[in-house]
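What follows is one structure encoded as structure tokens, with my remarks underneath.
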Amino acid sequence: MDLDALYQEIILDHYKNPHHKGLREPYEAEVHHVNPTCGDEVTLRVHVSGAGEDAVVEDVSYDAEGCSISQAAASVMTDLVIGKPLAEAMSVHETFLALMQGRGAVEPDEDVLEDGIAFAGVAKFPARVKCALLSWMAWKDATSQALDQTATPVTEETR
Amino acid sequence: MDLDALYQEIILDHYKNPHHKGLREPYEAEVHHVNPTCGDEVTLRVHVSGAGEDAVVEDVSYDAEGCSISQAAASVMTDLVIGKPLAEAMSVHETFLALMQGRGAVEPDEDVLEDGIAFAGVAKFPARVKCALLSWMAWKDATSQALDQTATPVTEETR
Amino acid sequence: MTVTDTRHALPGLLPGLDLVRADFPILGRTVAGGNPLVYLDSANTSQKPQVVIDAMVDHLERHNANVARAMHTLGAESTEGFESARDKVAAFVNAPSRDEVVFTKNASEAINLVANTLAWNGPLQVGPGDEVLITEMEHHSNIVPWQLLTERTGATLRWFGITDDGRLDLSDVDDLITERTKVVSLTWVSNMLGTVNPVADIARRAHEVGAIVVVDGAQAVPQMPVDVQAADIDLLAFTGHKVTGPTGIGVLWGRREVLDQLPPFLGGGEMIETVTMARSTYAPVPHKFEAGTPPIVEAVGLGAAVDYLAALGMDNVRAHEEAITAYALQGLASVSGLTVLGPQRAELRGGAISFELDGVHPHDVAQVLDSRGIAVRAGHHCAKPAHKRFGVQSSTRMSSYLYTTPAEIDALVDGLEYTKKYFKVS
Amino acid sequence: MTVTDTRHALPGLLPGLDLVRADFPILGRTVAGGNPLVYLDSANTSQKPQVVIDAMVDHLERHNANVARAMHTLGAESTEGFESARDKVAAFVNAPSRDEVVFTKNASEAINLVANTLAWNGPLQVGPGDEVLITEMEHHSNIVPWQLLTERTGATLRWFGITDDGRLDLSDVDDLITERTKVVSLTWVSNMLGTVNPVADIARRAHEVGAIVVVDGAQAVPQMPVDVQAADIDLLAFTGHKVTGPTGIGVLWGRREVLDQLPPFLGGGEMIETVTMARSTYAPVPHKFEAGTPPIVEAVGLGAAVDYLAALGMDNVRAHEEAITAYALQGLASVSGLTVLGPQRAELRGGAISFELDGVHPHDVAQVLDSRGIAVRAGHHCAKPAHKRFGVQSSTRMSSYLYTTPAEIDALVDGLEYTKKYFKVS
Ligand SMILES: Cc1ncc(COP(=O)(O)O)c(C=O)c1O
Ligand SMILES: Cc1ncc(COP(=O)(O)O)c(C=O)c1O
């Protein structure tokens, strides 16, 4: 079992010094997600501006309790989505998801995933994939709730 | 599998020409028993006279549907208990029960069981033991109900 | 002539039947003083191929651990074995999503899960004035749960009758399927009469009035291709031990919208999202309905079993059953005093054939056959109402499966003639 | 030093421990690139001795048939295997009658059977004003069923708290056990804290007010002699896979008077006396509670498992667990930054030890240990409320069993030191 493939330096760095941590205002939606198997938890808020094709991820703030993988994943995620047009952020999410579900067979794209490529090793540890995805799932859920709340009707494509 | 050990001539005779069959009056109790696995059924009435140590099995009448073993067992049972003091009939019942549950290791006593010894072979066929006991169980149940109905208190020993 | 003799090359038999039989260790057994086993009780439970047994042994000897909760190597291997069985089962019945496959302990629990939870508060709750519709040809496992539900909630239980030739009597369908009907639950293939029911037609009618459609697939899934999407039903129950898998596992497939609307059934580990002493929230399906340690080694066995069936091809299995059933109906017709219950044409039925033999009680028939190594079932086959409909208390049932040979049917027919002689009926 | 090294000859260890280990094929496995398996997750599920696996294989290859209903040779053999498992289990917990042993799918179903049926009409029915009493140290499987029952019937759920040293807080027993208490349900041994509870004392108090006493024996039955008559309880639940048996089977033992008073749970084949379309009557216990095809091959495996344990002697198993637990508590105490949750003395506890390691999340502890072949569990162990009581979200748990060696505990302690180094906590 190659432990270092899982616990890359980048992951341990984000774990020790998480980015964008803490709950902030303003936000349109807050969600609380749990990993039922281990109890890891995340409370996450999103602040989205604009709507439809113009929607932008203004901020993602969170409070989380969990293992190194889940903590680091939350930190890397915020780096990757904050400030991006929503459509682009969603596409990064898809790329990360594909990497995680690839059982180690997917080559990570550093241009898209930046520090996220450090999670390539996690894909080989099925039990830990959920840890890496916890905050991403929370973000997706919160974003969809935030969009539901905006007055402008949301097109199917952006959801 | 020794089929003839199971289907003794005596059994087949009782099956073809059952004794004491049909429901008769008078009776103090009637019961309906079913073998849940196969659906075999017996409706059985008992007529008991006297009480306590003087109780006598005056009549046992029945209507039954089922396999050769269950039919023959009902017929043999009536031969064995009708006209006997209840305590003695119960003791015959115990002897028959012991034979049936002996997995073929119990020597049958012809003096007590008469035609009932033909069932010795049944004890080696666990699936058929229930067939042989269906009417005996019904008789025991009906008798206990009959005794409950008699005004004279029933002592523990006779039940 | 041995029971594996292939001189009878009926059209439709599985290619390489001898090799298929060699997959099943028990078929090499002798019983009753040296007679080869003629196993004609597969509707009761099927035999297991070596590949299923080996998968279970490999799991127990090398990968055993609890699932989901364990994050060590064995836990990951065990979880992989368990969850990939869910994928296989989903594919086997063409479920749109693996998450719609719930593992239960048997088909009975799968049906009870639905009937029990419909009693509780929720969008599908059944109450006074509501009706549950079943049929007179159901196995007790698809009758008693609905009796309990309707008795306990004040709803009404109704049922389709059976025609003289053993098919569902649909003449009063308009009276039976109404706005009051909340649930229609019926068997796809009868375990007593063999009848194959027009499930898709009934589902369509039921959906017109907004009822949910539960199908007992315990006999159908083993012997014919089953596609839950094509049949457009809502819930399907079946059982591992009849599809060459082990006991201790059953399957409830359900459309996600329906499963999501049912409240929890059993509470406990694995079915929760979070628990406090005051209240709990529940995991999404399928886990919501899988409280406690699931049947892990059983799922591994079931996965191997449906793989085995898929490799044979369910169309081929169905063709084999139909060929054997036709041959058996023919053979049984040659026995005087024998009456087959249910449809007389093989293409209308599955591989279970119940019959009466004049003058010999089914127990005695089964006993004599057993002395010749032939295993059939005698009794009411957990279908008392269907027996009552035909005025019989019990019957003898032969049931074939993918390993059954025509020579085994011959052995049965010979055995029945011998039975008549033994009991001195002409 | 290998993990089977016997240089540590602790008093109390099972005699012939090497030979005992040789009974378990999986213990010969290596994991994680050649490390011998150090399996310290037995409270989650136990490993299986060869004799259990062989009994199951023999059943599947030679005796497989459905039970009770089948009257042929295989059916008789299978029924014999299944029903003799009931005898063995009854003897194992000293049940007064074999008929009081109900086979379920796991411990969770056994508890749910009771909680679910108490909602329905019957002499023991629970309703508004009634109270159900549990404890804060229960496994979710002994919490959620009672939440569902009390929510659905309007009854009230109450619970014993936990003391700082991890024992039941009985200080408010007079307030908790009252005339309103209808059911007291508690675990005999905690799967998280290891605590052994004074079940007999609590049962006595509960019986004084006429409550029924349900005991979750999932952790107790595997590791100590259990005598249901001596403890004077009413119902006991446990699970096959933790007593060296297979998954897919659990046990509900109940006093006959209590079982007789509970209405049916699942409806279906085998649990009936007679069925008409209009109504059904039910078979006596245990069959009343065993709808559908039971876990047959699983019962055969469970029978072999309790025979195996009985041959080792449950007093010896308990002595072994106590010796290993004492040794482990000592070893863990040597790891700085490590805090054990629950009682600190081996004689007060079972073989599950949950702990925290400062600065490293349990997932990460388990992962690093796994890379050295050591299998432990990380998470809430299906005991969220007990974790919350101690202000922790999750913990790491090592759990030993009859095959655990002191050298395996040494490997764990070494692994924990390595973990601290890996995560750079001193
Ligand atoms: C104390 C306790 N109760 C109940 C259970 C549930 O057992 P099962 O998962 O086999 O239903 C467990 C084990 O998971 C347990 O440790
Ligand atoms: C039609 C039908 N439904 C339900 C069942 C019940 O299956 P199980 O006993 O595995 O629960 C059976 C088999 O016994 C069956 O034939």
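The sequence lines fix the lettering, A, B, ..., with proteins before strands; numbering per chain opens at 1. Keep in mind that the numbers below use all heavy atoms, side chains included, and drop hydrogens, waters and symmetry copies. In this text the structure is predicted, and so the values were computed from the model without any measurement.
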- Message: If you define the side chain from C-beta out and look only at heavy atoms, does anything of D/E270 sit under 4.5 Å from C/S108?
- Response: no

- Item | chain C contact via D/S46 - side chain, backbone, both or neither, heavy atoms under 4.5 Å | backbone

- Item | Minimum side-chain heavy-atom gap C/E298-D/V297 below 4.5 Å | no

- Message: Looking at D/N64, is its backbone amide N or carbonyl O close enough to the side chain of C/Q47 to form a donor-acceptor pair, meaning the two atoms are under 3.5 Å apart?
- Response: yes

- Just by modelled atom types, is the D/A65 backbone N or O under 3.5 Å from a matching donor or acceptor in the C/T45 side chain? no

- Query: Side chain of C/S141, backbone of D/G292: donor and acceptor closer than 3.5 Å?
  - Reply: no

- Item | Portion of C/Q50 that has a non-hydrogen atom of chain D nearer than 4.5 angstrom | side chain

- Query: Is chain D contacted by the side chain of C/I111, its backbone, both, or neither, given a heavy-atom distance below 4.5 Å?
  - Reply: neither

- Residue part contacting chain C, namely of D/V275, when any heavy atom lies under 4.5 Å: both

- Query: Measuring heavy-atom distances to chain C, does D/I143 have an atom under 4.5 Å in its side chain, in its backbone, in both, or in neither?
  - Reply: side chain

- Item | Short N-O contact, D/R29 and C/E77, less than 4.0 angstrom | yes

- Item | D/M56 side chain reached by C/L60 side chain, heavy atoms, under 4.5 Å | yes

- Message: Just so I know, are the side chains of C/N44 and D/T293 near enough to count as touching, which here means a heavy-atom distance under 4.5 Å?
- Response: no

- Mind checking whether D/V144 and C/Y282 have side chains closer than 4.5 Å, heavy atoms only? yes

- Query: Below 4.0 angstrom, N of the basic side chain to O of the carboxylate: do D/K105 and C/E290 qualify?
  - Reply: no

- Is there a side-chain contact between C/H241 and D/N66 (heavy atoms, below 4.5 Å)? yes

- Query: Between the main-chain N or O of D/M277 and the side-chain N or O of C/Q147, is there a donor-acceptor pair closer than 3.5 Å?
  - Reply: yes

- Message: For the backbone of D/T73 and the side chain of C/D370, can you confirm whether one donor and one acceptor N or O come within less than 3.5 Å of each other?
- Response: yes

- Mind checking whether C/H72 and D/Y39 have parallel, tilted or perpendicular rings, split at 30° and 60°? perpendicular

- Message: Whether the side chain of C/D41 engages the backbone of D/G75 through a donor-acceptor N/O pair (distance < 3.5 Å, no angle test) should be reported.
- Response: no

- Query: Given a strict heavy-atom distance threshold of 4.5 Å, which part of C/P294 is in contact with chain D: side chain, backbone, both, or neither?
  - Reply: backbone

- Query: Using non-hydrogen atoms only, which part of D/A375 is less than 4.5 Å away from chain C: side chain, backbone, both, or neither?
  - Reply: both

- Interchain contact, D/A119 with chain C, by part (heavy-atom threshold 4.5 Å): side chain

- Side chain, backbone, both or neither: which part of C/L157 has an atom under 4.5 Å from a heavy atom of chain D? side chain

- Examine whether an atom of D/L148 lies under 4.5 Å from a heavy atom of chain C, and if so say whether it belongs to the side chain, the backbone or both; otherwise answer neither. side chain

